[in-house]
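Worksheet: one structure, shown below.
Atoms within a ligand are numbered from 1 in the order they appear, just like the ligands themselves. Because the structure is predicted, anything quoted here is derived from the model rather than measured. Residues: numbered from 1 along the sequence shown.
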Amino acid sequence: MSPVSMTPDADGFITGQRQHWETTLQMNPQMYGVDPSEPGRYAVSRFVTEKLTRVLELGAGQGRDTLGLLGAGLEVTALDYATGPLAGIVDSATDAGLAGRLTTLTHDVRRPLPFDDASFDACYSHMLFCMALTSDELAALAGEVRRILRPGGLCIYTVRHFGDAHYGAGPDLGDNLYENGGFVVHFYDRQLVDRLAEGFEIEDITAFEEGDLPRRLWRITMRQL
Ligand SMILES: C[S@@+](CC[C@H](N)C(=O)[O-])C[C@H]1O[C@@H](n2cnc3c(N)ncnc32)[C@H](O)[C@@H]1O
């Protein structure tokens, strides 16, 4: 299928994706469930073991993993460009008595991260790196994550890859971006994982599945050099 005439980094298109996420998450309050995901549980275990307490979560969504990170005693900054779900995370954390260690921030990761250099011990991100972001935008984001992590800090992120059933389905936007059900997904090959690892050492890449489709993902663990 040949690329359609949509430019992922055009302003109108970005706004469209943000509104689509805001509306979809509002209409589906438990879109991904309330229990922590498999990579979320893995991240908690790695961060606690290494005493990495200051955690930045990118693309927190409705917070199924945010609550797990907070519950493990970590300080979490949960970032997303959808505002409504972030407010829901604050409510859930307040109900659970965990809001004291939570900061939320509405922010589009296409922009530089508004944090000081080396201000976090770890970054966790489940399915944000496979959103409507071009390869160049992803490389810039990975560079920002490297900048805000302290030396030796860990980054654990997940992405859908070429083995996913939706890879190649729906309108082809170029750069391995495909649109499905109104959502744009960037599907990964190993080359892109390696490109985003500049300034990091990749420790582990684990394939896993999630959901009914199922989504086929990689969980990447890399350490800031
Ligand atoms: C697939 S959902 C995953 C949510 C959550 N991590 C989970 O697994 O339950 C992706 C999230 O990324 C957010 N997102 C997508 N593009 C973004 C961007 N450019 N900047 C910030 N957040 C973005 C969406 O609003 C959504 O909450």
Parallel, tilted or perpendicular, as decided by the 30° and 60° cut-offs, for the rings of F162 and Y167: parallel

Is the H126 ring parallel, tilted or perpendicular to the F208 ring (thresholds 30°, 60°)? tilted

Determine whether L70 and L52 fall in the same hydrophobic cluster, where Ile, Leu, Val, Met, Phe, Trp and Tyr are linked whenever their side-chain heavy atoms lie under 4.5 Å apart. yes

N/O separation below 3.5 Å, [X] to ligand 1:
| X | answer |
| --- | --- |
| G59 | yes |
| H126 | yes |
| V109 | yes |
| R64 | yes |
| D80 | yes |

Enumerated ligand 1 atoms positioned under 4.0 Å from heavy atoms of [X]:
| X | result |
| --- | --- |
| D108 | 18 (C), 19 (N), 20 (N) |
| H107 | 20 (N), 21 (C) |
| R110 | 19 (N) |
| L128 | 12 (O), 14 (N), 15 (C), 16 (N), 17 (C), 22 (N), 23 (C) |

Is there a donor-acceptor pair closer than 3.5 Å between any side-chain N or O of T158 and the backbone N or O of M127? yes

Run the side-chain hydrogen bond (donor to acceptor under 3.5 Å, both in side chains) test on S135 and D175 for me, step by step, so that the C-alpha distance in whole Å, both residues' side-chain angles and the decisive distance to 0.1 Å come before the verdict. CA-CA 7 Å; S135 294; D175 196 19; 2.7 Å; yes

Check this for me, if you would: do D136 and R195 make a salt bridge, where the nitrogen-to-carboxylate-oxygen distance has to be below 4.0 angstrom? yes

R215 with E210: basic N within carboxylate O range, under 4.0 Å: yes

Among all protein non-hydrogen atoms, which one is nearest to [atom], and what is the separation to 0.1 Å?
| atom | value |
| --- | --- |
| atom 1 (C) of ligand 1 | Y32 OH, 3.1 Å |
| atom 2 (S) of ligand 1 | W21 CH2, 3.5 Å |
| atom 10 (C) of ligand 1 | M131 SD, 3.7 Å |

Tell me whether [X] reaches ligand 1 (any heavy atom closer than 4.0 angstrom to a ligand atom).
| X | result |
| --- | --- |
| Q62 | no |
| Q17 | no |
| A60 | yes |
| L25 | yes |

Heavy-atom side-chain contact between L86 and H107 under 4.5 Å: no

If the test is side-chain contact (heavy atoms from CB on, under 4.5 Å), which one of F200, Y157, F120 qualifies with V145? F200

Using a heavy-atom cut-off of under 4.0 Å, does the side chain or the backbone of Y81 touch ligand 1, or both, or neither? both

Can I get a per-line list of side-chain donor-acceptor pairs under 3.5 Å for residues 147-154, giving both atom names and the distance, sequence neighbours left out?
| from | atom 1 | to | atom 2 | distance (Å) |
| --- | --- | --- | --- | --- |
| R147 | NE | E144 | OE2 | 3.0 |
| R147 | NH1 | F115 | O | 2.8 |
| R147 | NH1 | D117 | OD1 | 2.8 |
| R147 | NH2 | L113 | O | 2.9 |
| R147 | NH2 | F115 | O | 3.1 |
| R147 | NH2 | E144 | OE1 | 2.9 |
| R150 | NE | D121 | OD1 | 3.1 |

Step through the shown structure and confirm whether more than 12 heavy atoms of other residues, nucleotides or ligands are within 6.0 Å of CD on E198. no

